[in-house]
Undergrad: 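Below are the structure tokens for one structure; questions will follow.
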Amino acid sequence: MSEPIHGPLYITNTLTRRKEEFVPLDPPRVGLYVCGPTVYSDVHLGNVRTFLSFDTLYRWLSFIGYKVRYVRNITDVGHLVGDVDEGEDKIAKRARLEQLEPMEIVQKYTNGFHDVMRLFNILPPSIEPTATGHLIEQIGMVERIIQSGFGYEVNGSVYFDVPRFAGKYAYGELSGRRIDELLTNTRDTEGMDEKRSPLDFAIWKKAEPQHLMKWPSPWGEGFPGWHLECSAMSTKYLGPTFDIHGGGMDLKFPHHECEIAQSIAADGHAPVRYWMHGNMLTVNGRKMAKSEGNGFTPEELINGNHKLLDKGYSPMTVRFFMLQSHYASTLDFSNAALQASEKGLERLMAALDLLPGLKAGTADGADVAALEARCHAAMNDDLNTPVMIGELFEGVRIINSVNDGRLTLTAASIDKLRTLMQQMVLEVLGLTHERAAQADDRTLDGLVQAFIRMRAEAKAKKDFAASDAIRDRLLELGITLKDTKEGTTWSRS
RNA sequence: GGUCGCGUGGCCGAGUGGCUAGGCACAGCUCUGCAAAAGCUGCUACUGCGGUUCGAAUCCGCACGCGACCUCCA
């Protein structure tokens, strides 16, 4: 990147709960790992928010010149349903319900996940490893954990010895848990016969004969524990210690805590230098979650087919809506907020369209360089997209004012402004022009142009009743006419 | 119960100890045959009560309200 980047990047490290300057281990390379979805059902909007947050991180890191290896896994085995020991694999359960082969379920929902990511213009990661594709690595990790004395086998299953680990290393640092408090607060200690402590967790689980997804291992037929895959795959692709690990807030404990413990037990040191957690999307103040039944799918969102939705919203409206809050804050979903974002995005994109046609003046009425600096500073301040968007609206004001002849900008400044706006809106925020594709119908354009000419003739004869009738009828069809100095333009609403 | 976090104007949503983020809505004005769009102007908030301070929405304490995690969850 030749563009000047204003100052270092600061990100909130949830491990230290502080905003820290981001310094990669091996610049300009950055290793980024994000916990991906478990592919046993459709993703909902809350999931989308997390992946969007890290998409923003990925985009910004890339924009400021880092070479990012972005690993985001697909969990296609290993999540248990219900009580730990009575646990059943989510994917296997779903497979039974749908009368499908487990890998069919995995494929179906993986495809769905990818569709959704594309819909919201969330970039694909550099590597998208699956848990089932890394059994060898996971078994290897279990063996290393056993060797170091923090794993024990019981009856074909292997558990991680949390109290033993906590006796030597810090456990609970990330989530602020304390081992004695965890022990006090453990709910049901029954049915934990195999585990030495209720805090212990399975890193390898013995498969019952009827279990569908199972693999041979040194401990018999079984499947890997829930937290293991991320540790194994991040180690494989990013090394035993890497820069950034991200995920949703709700994964902090126990998932990420367990990852840390596993890596330390297996390889002797903490896996991650910066932990980042995206906050939840809420509905009426409550977390959107599959279990709450308050989630809706992107499809329902777009066509408005859900009792919580007054109308449908486009993916870019939703993307913009989400970017208008900080990733670390909870964001409450509401129709009023979505509608506000829809309008705002429209204004932003309309200004972007004006950029190529701006006419240069001889003096600068606005400081584009300062605007750029503020945009970069906002992003460098823990990816503060809401503040950056605020700055972009200053850019919108400048663009519109220049377009209306109220403000002048030199050719160089216009150029700089165009580059800035396009980089920030399109590249960094990842917003795309949804309208453009729609209006790309030549027949339609021809028809509307014919009406525009008819209306112009009526106007020339001061027959405003006729000209208004044409405009009103078109509006009913969703076509808005605008009279400007250069003539009449149209757009679809 | 434990841990953590939040409470900002009509709505959404940033935020630094001192200089009214921003978006949407609303009102007025400019432009316009009228609209639309755009620009300008107005709407100056920070749960409550104490405390620290020359000064706090911003720091501390207490209270109230809300949420997340503690079990799978982005």
Side-chain angles (χ1 to χ4, degrees), chain A residues 17 34-38 40-41 43-54 79-84 87 90 172 175-178 180-182 184-188 226 246-255 277-282 285-292 295 320-321 324-326 328-348 350-351 354 374 378 381 384-394 396-397 399-401 403-407 459 462-465 467-468 471-472 475 480-485 488-489 491 493:
Chain A
R17 274 156 235 198
V34 172
C35 290
T38 305
Y40 68 96
S41 67
V43 291
H44 63 243
L45 220 54
N47 303 308
V48 171
R49 187 184 184 206
T50 297
F51 299 124
L52 171 62
S53 296
F54 291 103
H79 273 220
L80 301 175
V81 166
D83 178 61
V84 175
K90 273 185 178 172
S175 55
R177 309 289 146 130
R178 286 178 34 189
D180 47 337
E181 283 168 357
L182 284 170
T184 325
N185 290 321
T186 303
R187 280 177 186 168
D188 31 33
W226 355 331
M249 213 63 133
D250 46 359
L251 295 182
K252 226 167 156 182
F253 187 89
H255 186 61
H277 288 93
N279 217 323
M280 300 292 105
L281 180 69
T282 60
R286 300 202 160 265
K287 175 183 169 184
M288 184 181 280
K290 284 163 189 170
S291 52
E292 294 263 346
F320 185 66
F321 162 71
Q324 274 184 298
S325 78
H326 188 77
S329 304
T330 55
L331 171 64
D332 198 54
F333 181 92
S334 73
N335 282 283
L338 258 293
Q339 273 156 38
S341 292
E342 191 173 57
K343 286 287 193 64
L345 177 63
E346 218 165 275
R347 197 155 80 86
L348 178 64
L354 293 174
R374 290 199 303 273
D381 183 13
N384 200 328
T385 52
V387 166
M388 211 266 271
I389 289 170
E391 299 297 348
L392 292 178
F393 276 101
E394 169 67 9
V396 168
R397 215 203 83 237
I399 292 166
N400 287 327
S401 295
N403 187 243
D404 290 350
R406 289 192 196 89
L407 192 73
K459 277 172 70 175
K462 301 266 189 240
D463 185 358
F464 295 123
S467 70
D468 287 354
R471 187 175 59 198
D472 292 345
L475 190 61
T480 309
L481 298 187
K482 269 189 236 173
D483 295 333
T484 71
K485 289 193 195 83
T488 302
T489 63
S491 63
S493 48

Undergrad: What integer number of Å spans the P atoms of B:U41 and B:G48?
TA: 30 Å

Undergrad: Using the side-chain heavy atoms of A:D468, tell me which of these nucleotides is nearest: B:C34, B:G15, B:G23.
TA: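 Between B:C34, B:G15, B:G23, the one nearest the side chain of A:D468 would be B:C34.
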
Undergrad: By the 4.0 Å heavy-atom rule, please label A:K287 as base, sugar-phosphate, or nothing.
TA: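 Since a base atom lies under 4.0 Å of A:K287, the category is base.
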
Undergrad: Can you check whether A:R347 has a side-chain N or O nearer than 4.0 Å to OP1 or OP2 of B:G23?
TA: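 So the side chain of A:R347 is within the cut-off, an N or O lying under 4.0 Å from OP1 or OP2 of B:G23.
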
Undergrad: Counting the atoms with a prime plus P, OP1 and OP2 as sugar-phosphate, which does A:R471 contact under 4.0 Å by heavy atoms, base, sugar-phosphate, or nothing?
TA: base

Undergrad: What nucleotide among B:C70, B:A14, B:G22 has an atom nearest to a side-chain atom of A:H326?
TA: B:A14

Undergrad: Starting at CG of A:L392 and ending at C1' of B:A21, how long is that distance when rounded to a whole Å?
TA: 13 Å

Undergrad: Is the ring centre of A:F464 under 5.5 Å from the base ring centre of B:G33, and are the two planes under 30° apart, so that they stack?
TA: yes

Undergrad: Can you find an N or O donor on one side and an acceptor on the other, under 3.5 Å apart, linking the side chain of A:D250 with the base of B:C72?
TA: no

Undergrad: Expressed in angstrom and rounded to an integer, what is the separation of A:N279 atom CG from B:C6 atom C1'?
TA: 10 Å

Undergrad: A:P386 side chain: which of B:G13, B:C12, B:A74 is closest?
TA: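 The answer is B:G13, which lies nearest to the side chain.
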
Undergrad: As a test of understanding, state which of A:N384, A:N279, A:D381 forms a side chain to side chain contact (heavy atoms under 4.5 Å, CB included) with A:H326.
TA: A:N384

Undergrad: Could you tell me the separation between the CG atom of A:L481 and the C1' atom of B:G33, rounded to a whole number of Å?
TA: 16 Å

Undergrad: Using the P atom as the reference point in each nucleotide, state the distance between B:C24 and B:A63 in Å, no decimals.
TA: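 About 41 Å, rounded to a whole number of Å.
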
Undergrad: Does the pair A:R397/A:E394 count as a salt bridge with the N-to-O cut at 4.0 Å?
TA: yes

